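Input: a single structure, listed below in structure tokens.
Remember, it's a predicted structure, so these values are computed and weren't measured experimentally.
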Amino acid sequence: MTAPTPVHVPVLLNESLQLLDVREGGVYIDCTTGLGGHSSAIAGRMGETGRLLCLDQDREALEFARAKLAPFGRRVSFVHANFRELADVAKREGFQAADGILMDLGISSFQIGEPRRGFAFALEGPLDMRMDPGSGGITAEEIVNTWDETSLADLFFELGEERQSRRIARAIVRNRPLRTTWELARSVEQAVGGSRGQTHIHPATKVFLALRLRVNGELDTLITALPLACSLLGSGNSHGGRLAVISFHSLEDRIVKQFFRREATDCICPPGLPVCRCGHTATLRELTRKAIRPSEAEVAANPRSRSAVLRAVERIG
């Protein structure tokens with residue numbers, strides 16, 4: 001019996017389509033296709049002559065997207081790849097001058113809801129946390145059971161922005177070995193207590209975030225992929241190609257914001273120099289000087305959208 005397709009609600013969908021200015025005959029790339037929510041909407045607007053390239057490092061999610069977008073036929077191409085490989089994939093697939101590129105950096109409900117993936121502390125499963133389990137690489141279990149206390153504390157503080165990182169790291173080392181998500185969550189609870197504040201955030205939230213970011217190298221991938229994406233933006237009739245990025249926590253958004261600001265500025269010399277020495281020329285124009293966030297109605301309908309932040313730029317010159 002075929003498993004039902006998971007329910008997926010794309011975040012900031014209308015805002016993304018508007019900023020990308022998706023139009024008939026355009027060429028688009030979805031760097032993080034997931035279950036195909038944004039991709040399906042893009043394909044629906046690009047018409048019979050448009051083209052869409054869909055990437056994702058999660059093979060299972062990509063197969064769901066492939067089935068969802070099957071009615072669009074050969075207008076949509078699918079590639080199992082991490083978007084840090086964007087330049088090579090785009091060249092191979094013939095997408096070297098895109099009208100719009102989208103990056104949705106969030107983890108999907110499908111991934112969170114699979115206990116065997118180990119992303120959620122609410123579901124018991126192995127401490128894996130790899131977006132692409134078939135790729136090899138380090139797992140969360142290896143990190144929590146082999147890293148020393150100082151390294152764990154630094155990880156939780158730097159990537160999870162966890163203020164009680166040292167106390168948590170000490171508890172993890174004391175309770176090792178830890179094999180499941182519940183064992184890790186209990187160790188964190190023992191270290192810092194129960195839910196925090198009026199929002200009732202689970203105390204393990206930031207620890208799980210830090211581990212996921214480290215296991216998948218997500219911040220390094222973002223830093224690598226942003227300039228690659230911008231290099232693929234083409235020049236249209238009315239405006240240049242556009243890049244839209246949806247991030248879900250401050251570290252991601254800071255990287256996106258700083259990159260967009262820098263590439264939208266002619267001179268990036270340190271303040272106080274009488275003459276520009278960097279020779280830097282702006283290649284982007286910011287379309288969202290102030291980040292776009294979900295409306296109250298969207299958050300009410302999809303609570304997981306509450307932390308989403310959307311920024312977009314347009315290529316110039």
Side-chain angles (χ1 to χ4, degrees), residues 11 32 34 57-58 60-61 104-133 135 137-197 199-222 246-255 303-309:
V11 174
T32 48
Q57 63 180 325
D58 188 322
E60 287 185 64
D104 177 355
L105 306 178
I107 185 171
S108 72
S109 300
F110 163 69
Q111 291 166 322
I112 294 173
E114 282 287 340
R116 60 188 168 81
R117 305 296 291 272
F119 289 117
F121 45 77
L123 303 171
E124 186 174 24
L127 282 169
D128 192 317
M129 298 195 192
R130 291 173 295 176
M131 294 286 191
D132 183 6
S135 66
I138 195 167
T139 65
E141 181 179 342
E142 292 177 66
I143 293 175
V144 299
N145 287 306
T146 64
W147 285 24
D148 61 56
E149 184 178 318
T150 299
S151 298
L152 286 173
D154 290 345
L155 172 66
F156 301 150
F157 182 77
E158 293 169 7
L159 295 189
E161 299 180 310
E162 173 56 68
R163 295 182 179 180
Q164 300 194 64
S165 61
R166 300 202 178 282
R167 183 181 298 180
I168 292 170
R170 194 176 306 120
I172 287 174
V173 170
R174 184 173 60 247
N175 292 331
R176 292 197 299 208
L178 302 174
R179 304 301 183 193
T180 71
T181 52
W182 280 4
E183 288 175 353
L184 175 57
R186 280 198 296 269
S187 291
V188 177
E189 285 183 296
Q190 290 172 9
V192 300
S195 299
R196 301 175 178 177
T199 56
H200 302 295
I201 297 174
H202 193 281
T205 299
K206 295 181 178 181
V207 170
F208 272 66
L209 171 62
L211 286 167
R212 194 198 87 206
L213 291 176
R214 174 59 182 83
V215 165
N216 297 288
E218 293 178 45
L219 299 186
D220 289 339
T221 292
L222 179 60
I246 303 172
S247 55
F248 287 82
H249 58 81
S250 60
L251 295 178
E252 289 176 338
D253 184 52
R254 192 176 306 140
I255 291 170
R304 285 180 175 164
S305 71
R306 64 184 179 275
S307 59
V309 175

How many angstroms lie between [atom1] in [X] and [atom2] in [Y], if you round to the nearest 0.5 Å?
X	Y	atom1	atom2	answer
Asn216	Gln57	CG	CD	5.5 Å
Arg304	Ile112	CZ	CD1	4.0 Å
Leu222	Glu252	CG	CD	6.5 Å
Ile168	Arg163	CD1	CZ	12.5 Å
Leu211	Lys206	CG	NZ	14.5 Å
Ser165	Glu149	OG	CD	10.0 Å

Looking at [X] and [Y], what are the two nearest heavy atoms and their distance?
X	Y	answer
Glu162	Pro203	OE1-O, 4.1 Å
Arg176	Asn145	CD-CA, 3.4 Å
Thr181	Leu123	OG1-O, 2.6 Å
Arg212	Met131	NE-CE, 4.0 Å
Ala185	Ala204	CA-CB, 4.2 Å
Glu124	Pro115	O-CB, 3.5 Å

Okay, side chain of Ser187, backbone of Ala171: is any donor-acceptor separation there less than 3.5 Å? no

Any donor-acceptor N/O pair, Arg306 side chain to Pro303 backbone, under 3.5 Å: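 Yes; judged by distance alone, with no hydrogens or angles, the pair exists.
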
Taking the side chain as everything from C-beta on, heavy atoms only, tell me whether [X] gets closer than 4.5 Å to [Y].
X	Y	value
Arg130	Thr139	yes
Phe119	Asp128	no
Asp154	Arg166	yes
Phe156	Val188	no
Ile107	Phe248	no
Glu189	Phe121	no
Leu213	His249	yes
Leu127	Glu183	no

Are Asn175 and Gln190 close enough that a side-chain donor and a side-chain acceptor fall under 3.5 Å?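 Side chains of Asn175 and Gln190: pair found under 3.5 Å.
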
What I want to check is whether the side chains of Glu161 and Ser250 have a donor and an acceptor closer together than 3.5 Å. yes

Stepwise side chain to side chain contact (heavy atoms under 4.5 Å, CB included) check, Phe110 with Glu60: CA-CA 10 Å; Phe110 163 69; Glu60 287 185 64; 3.8 Å; yes

